[in-house]
Structures are given as C-alpha cells and as structure tokens.
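From a predicted model like this one, the values you see are computed outputs, not experimental measurements.
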Amino acid sequence: MRLLDLFSGAGGAARGYHDAGFTEIVGVDNRPQPRYPFTFVQADALEYLSAHGHEFDAIHASPPCQGYSIMRNLPWLRHKDYPLLIEPTRELLIGLGRPWVIENVMGAKLQAAWL
C-alpha cells in the first residue's frame, strides 16, 4: 500500500506507518530532510498533494502547528506569523476521496463547516 506523508519532517510518523504495513511511503516537506527513512520529495506539500494525491492509497498530513498552539501567545512569539494550513489541507484531502489523517495540536479545532 502506498502512503503519502505530507509535511513529513524527519519521518517519525512514516516509520509507524511502515511498521503498520505500508510498503511504499513518500514524504513531502518544504525543507530538506536528509534522514527521512523512505522516498523524500522536497516540495510544497499542498502543491504536491494537488498533483499527486490521487496516486496514493492513503494520506497522512501534519501541517505546521505553531499557528494553532497556545505557545504562539508567548511574548517572544506574538509578533510571528505562522501559516494556518489545516483547512486548505483538509479541503484538498476531502476532494481526493482517499483515506486520510491530519494530526495536529489540541488548539487546532475543527471548523463548524466540517462537522
């Protein structure tokens, strides 16, 4: 089974999916991940999902959490802007009709439109 691992980071989640039986895993992140344990593509995750998501049996996404975390309220982080990518990611995933998972922090609540 093929898994697309979006916003992959170093591949911790991918290792678990491999242990669960996924045989081909492709990780996508916008920063180099030289220790990613499977096939890695450096690209924009949402662009890659739009172009290639239909090629996979399942998709795991871990969009950046900083914009949803209570940590963003710390004085030294308040001035920073963080991308809020859960909703755009969810919209693309729903449109693909493939099984998917989005993992994030507690503060990243579902918007009412998706309930």
Side-chain angles (χ1 to χ4, degrees):
M1 288 187 50
R2 297 188 77 211
L3 176 81
L4 177 57
D5 181 16
L6 297 173
F7 311 96
S8 65
R15 180 61 71 184
Y17 281 105
H18 180 264
D19 291 349
F22 283 87
T23 55
E24 186 178 347
I25 299 171
V26 175
V28 178
D29 204 291
N30 65 352
R31 290 184 282 177
Q33 300 296 332
R35 292 184 177 86
Y36 192 81
F38 306 103
T39 302
F40 178 75
V41 177
Q42 185 174 345
D44 178 276
L46 297 182
E47 290 176 8
Y48 193 91
L49 176 60
S50 292
H52 300 283
H54 65 280
E55 300 170 12
F56 294 86
D57 298 305
I59 302 164
H60 172 265
S62 183
C65 64
Q66 293 91 338
Y68 303 99
S69 170
I70 61 169
M71 298 297 286
R72 72 184 180 282
N73 296 318
L74 292 171
W76 55 90
L77 296 177
R78 283 189 193 148
H79 67 284
K80 292 189 175 193
D81 288 324
Y82 297 105
L84 300 177
L85 298 177
I86 291 177
E87 294 308 319
T89 301
R90 185 180 288 121
E91 288 175 13
L92 288 171
L93 291 169
I94 289 171
L96 286 173
R98 300 277 196 264
W100 54 271
V101 173
I102 295 178
E103 62 94 9
N104 216 278
V105 296
M106 292 287 291
K109 296 184 169 112
L110 288 175
Q111 291 187 357
W114 299 107
L115 298 178

Checklist entry - Step by step, would you call I94 with W100 a side-chain contact (heavy atoms from CB on, under 4.5 Å)? => result CA-CA 8 Å; I94 289 171; W100 54 271; 3.8 Å; yes
| request: Flag yes if L6 and F38 sit in one hydrophobic cluster, no otherwise; membership is Ile, Leu, Val, Met, Phe, Trp, Tyr, and two members link when side-chain heavy atoms are under 4.5 Å apart. | output: no
Those residues at least two apart in sequence (or on a different chain) that pass side-chain hydrogen bond (donor to acceptor under 3.5 Å, both in side chains) with H54 are none
Across all chains, not counting sequence neighbours, the salt bridge (charged side-chain N to carboxylate O under 4.0 Å, His left out) partners of R98 are none
- Query: Is it the case that one hydrophobic cluster holds both F56 and F7, taking links as side-chain heavy atoms less than 4.5 Å apart, direct or via other members?
  - Reply: yes
Salt bridge (Lys or Arg N to Asp or Glu O under 4.0 Å) pairs touching residues 32-60, sequence neighbours excluded, are none
Residues passing the side-chain hydrogen bond (donor to acceptor under 3.5 Å, both in side chains) test with Y36, sequence neighbours excluded, are D5
Which of T89, L49, L3 passes side-chain contact (heavy atoms from CB on, under 4.5 Å) with I59? It is L49
Side-chain donor-acceptor contacts of residues 22-32 below 3.5 Å, not counting sequence neighbours, with atom names and distances?
residue: T23; atom: OG1; partner: M1; partner atom: N; Å: 2.9
residue: T23; atom: OG1; partner: M1; partner atom: O; Å: 3.4
residue: E24; atom: OE1; partner: R2; partner atom: NE; Å: 3.2
residue: E24; atom: OE2; partner: R2; partner atom: NE; Å: 3.2
residue: E24; atom: OE2; partner: R2; partner atom: NH2; Å: 3.1
residue: D29; atom: OD1; partner: R31; partner atom: N; Å: 3.2
residue: D29; atom: OD2; partner: S8; partner atom: N; Å: 3.3
residue: D29; atom: OD2; partner: G9; partner atom: N; Å: 2.8

Quiz item: Given the rule that I, L, V, M, F, W and Y join up when any side-chain heavy atoms are under 4.5 Å apart, are V41 and L92 in one cluster?
Solution: yes
Heavy-atom closest pair (A10 atom, Q33 atom, distance to 0.1 Å) is N-OE1, 3.4 Å
One should read off an interatomic distance between L93 CG and L46 CG, to the nearest 0.5 angstrom, of 8.5 Å
